Amino acid sequence: MKLDLQLVLTILGMGVVTYATRIGGYALLSRFPVKGRVKAGLEAVPIAILTAIIAPAALAAGPADALAALITVLLALRLPVIVALVGGVGSVVLLRWLIG
């Protein structure tokens, strides 16, 4: 297999740009005090991103998966993450067997 220089440069370029955007955000925010609504908004970003990625996949997979996702969220609100994980996996297996 021959190594394509353009492909290697593209992948390295994408890595540099990704790293620069992440470091740029930290560098910019380190210059300003972050409190109040800005801090709350930034703390909500990871949950918003996970929801945007997981929700469409769970809803498109069928009613059993959508219901299992809801059960997992409810478990995660009250119980430790490992319990929510086990409960989510168990509920999707059970619901796929029951609902089909």
Side-chain angles (χ1 to χ4, degrees):
M1 181 172 131
K2 186 176 177 184
L3 193 60
D4 184 14
L5 181 61
Q6 185 176 4
L7 176 64
V8 171
L9 291 175
T10 301
I11 292 171
L12 288 174
M14 291 187 315
V16 167
V17 169
T18 301
Y19 185 73
T21 57
R22 294 188 69 147
I23 291 301
Y26 289 121
L28 181 65
L29 286 177
S30 68
R31 296 177 180 262
F32 302 101
V34 179
K35 46 186 150 169
R37 293 177 63 116
V38 174
K39 184 176 181 180
L42 289 173
E43 288 174 352
V45 168
I47 294 171
I49 291 173
L50 282 174
T51 302
I53 293 170
I54 294 170
L59 294 175
D65 291 25
L67 189 56
L70 178 65
I71 291 169
T72 306
V73 168
L74 294 174
L75 288 173
L77 290 173
R78 297 286 179 194
L79 301 171
V81 175
I82 189 69
V83 175
L85 178 71
V86 171
V89 170
S91 64
V92 77
V93 169
L94 181 65
L95 289 169
R96 283 182 181 175
W97 182 70
L98 290 174
I99 296 174

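The basis for the numbers below is simple: all heavy atoms, side chains too, and nothing from hydrogens, waters or symmetry mates. FYI, the numbering just counts along the sequence from 1. A quick note: this is a predicted structure, and the numbers were derived from the prediction, not measured.
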Looking only at heavy atoms, the pair that brings Ala66 and Leu59 closest together is CB-CD2, 3.7 Å

Would you list the atom pairs, donor with acceptor, under 3.5 Å between side chains in residues 76-89 and any protein atom, with sequence neighbours excluded?
none

What pairs meet the salt bridge (charged side-chain N to carboxylate O under 4.0 Å, His left out) rule with one or both residues in residues 44-61, with sequence neighbours excluded? none

Could you list the cluster mates of Leu5? Members are the ILVMFWY residues connected by side-chain heavy atoms closer than 4.5 Å, either directly or through other members. Leu9

By side chain to side chain contact (heavy atoms under 4.5 Å, CB included) - contacts of Val8 (at least two apart): Leu3, Leu12

Not counting sequence neighbours, list each pair that qualifies as a salt bridge (charged side-chain N to carboxylate O under 4.0 Å, His left out) and has a residue in residues 57-72. Asp65-Arg96

Please report the C-alpha distance between Val92 and Ile71 in whole Å, then the side-chain angles of each, then the deciding distance to 0.1 Å, and finally whether the side-chain contact (heavy atoms from CB on, under 4.5 Å) criterion is met. CA-CA 9 Å; Val92 77; Ile71 291 169; over 6 Å; no

Scan for salt bridge (charged side-chain N to carboxylate O under 4.0 Å, His left out) pairs involving residues 19-34, sequence neighbours excluded, and state none if there are none. none

Report the residues that fulfil side chain to side chain contact (heavy atoms under 4.5 Å, CB included) with Glu43, sequence neighbours left out, ordered by chain and then residue number. Lys39

Side chain to side chain contact (heavy atoms under 4.5 Å, CB included) with Ile49: which residues, sequence neighbours excluded? Val45, Ile53

Could you work out the complete set of other residues in the hydrophobic cluster of Leu29, with links drawn between I, L, V, M, F, W and Y side chains under 4.5 Å apart? Val34, Val38, Leu42

Apart from Tyr19 itself, what residues make up its hydrophobic cluster, given side-chain heavy atom links below 4.5 Å? Ile23

Between Pro63 and Ile99 the two heavy atoms that sit nearest each other are CG-CG2, 4.1 Å

How would you list, by chain and number, every residue that makes a side chain to side chain contact (heavy atoms under 4.5 Å, CB included) with Ile54, sequence neighbours excluded? Leu50

For Phe32, what are the other residues in its hydrophobic cluster, where any two members join if their side-chain heavy atoms are less than 4.5 angstrom apart? Leu28

